[in-house]
Amino acid sequence: MKTIFSGIQPSGTLTLGNYLGAMKHFVDLQDDYKCYFCIVDEHAITVSQDRLKLRENIKSLAALYLASGIDTNRSTLFIQSEVPAHTQLGWMLQCVSYIGELERMTQFKDKSTDGKDAVSSGLLTYPPLMASDILLYQTDIVPVGDDQKQHLELTRNLAQRFNNKYNDIFTIPEVRIPKEGARIMSLQDPTKKMSKSDANQKAFISMLDEENKILKKIKSAVTDSEGIVKYDKENKPGVTNLLTIESICTGHTIADLENKYEGKGYGDFKIGVAESVISVLKPIQERYKELIESNELDDILDEGAQDASLKADKMLAKAKKAMGLGRVK
Ligand code: ATP
Ligand code: MG
């Protein structure tokens, strides 16, 4: 059975983008792959986090994985910082990475616009840590949204470089990006991706937003003045984003939806989109509420960390041996 690894940062409550671009696909993959799902809290601290809020987000993310359908009888769900091999191999891979290639990562450039003295060096060196997350599990496939393509390419390069220079120990992972939903856009600026760490709350739908909040946010989503519901990424990015959302949430094709809204204004359209989102998120929210109040979560995460460590420690030992770290035992 092939292996899948994927991580989500507990940097806020998951958005509809995270769900449609990542989480939703994880659920189906469990049938055919050995899956490792990781709450990557060490990535989250590359930007400033409130201590208590971070802890809350970690638990909440664990509950959202489960509420969305991750089945821990088949898959491993764990917290990155509870498996020390991640940072250990991460350091080794930093020593294999070049500063130049890390500075070329668009996510680093996007998140470091305030200047190099205003962002942490972790923001620059987080891609080798992400490579470590993936390579520790002999991962074959990494299912991610479109924004992670460049980091995955770097992971493959680092693995290849390590294999050539030291010993051929790492599996070279492949990236899998969904055909639809790979890039859900911000509701306030449809040329930017929807992000859970966006300072503007109106820009994203959180998976835990209440019904009327979802409706309100979609009603105030930026569209255009044409008043025609038509898919056109270039000229109508706002309408196109909403059409994509309704299409994935309902399973209806874009053409069907264009017909449905023919002759209708954006008011009706936005209500339809909101209803489709609510129908997807509501059952997840109900399961979430039960889980977050139960003691089940801690047991699941303890077991997950144990299970992940078994696999990760073996790979770490191989990497240390290949590089000549420590002693022969
Ligand atoms: P942050 O703003 O803190 O980076 P994020 O919303 O980008 O948060 P991540 O934790 O970085 O979320 O990514 C989790 C997963 O969600 C990744 O697989 C990523 O590719 C996917 N993803 C993130 N944003 C979107 C989006 N707008 N559309 C589709 N997939 C997305
Ligand atoms: Mg991100």
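Counting starts at 1 for both ligands and their atoms, in listed order. Here the structure is a predicted model, which is why all the values come from computation and not from measurement. Because only heavy atoms are used, hydrogens play no part in the values below, and waters and symmetry mates are left out as well, while side chains stay in.
Taking a cutoff of 4.0 Å between a charged side-chain nitrogen and a carboxylate oxygen, Lys192 and Asp198 qualify as a salt bridge. Salt bridge annotation for Arg183-Asp146: present, with a cationic side-chain nitrogen under 4.0 angstrom from a carboxylate oxygen.
Side-chain heavy-atom separations under 4.5 angstrom define the hydrophobic clusters, and Leu52 shares its cluster with no other residue.
Of the listed residues (Phe5, Tyr137, Phe26), just one forms a ring-ring contact (aromatic ring centres under 6.0 Å, His included) with Tyr36, and that residue is Tyr137.
Residue pairs meeting the salt bridge (charged side-chain N to carboxylate O under 4.0 Å, His left out) criterion with at least one partner in residues 241-256, sequence neighbours excluded, are Glu246-Lys260.
In this view, Lys314 satisfies the side chain to side chain contact (heavy atoms under 4.5 Å, CB included) rule with no residue, not counting sequence neighbours.
Around ligand 1, the residues contributing at least one heavy atom under 4.0 Å from the ligand are Ile8, Gln9, Ser11, Gly17, Asn18, Gly21, Ala22, Lys111, Val144, Gly145, Asp147, Gln148, Gly181, Ala182, Arg183, Ile184, Lys193, Met194, Ser195, Lys196, Ser197.
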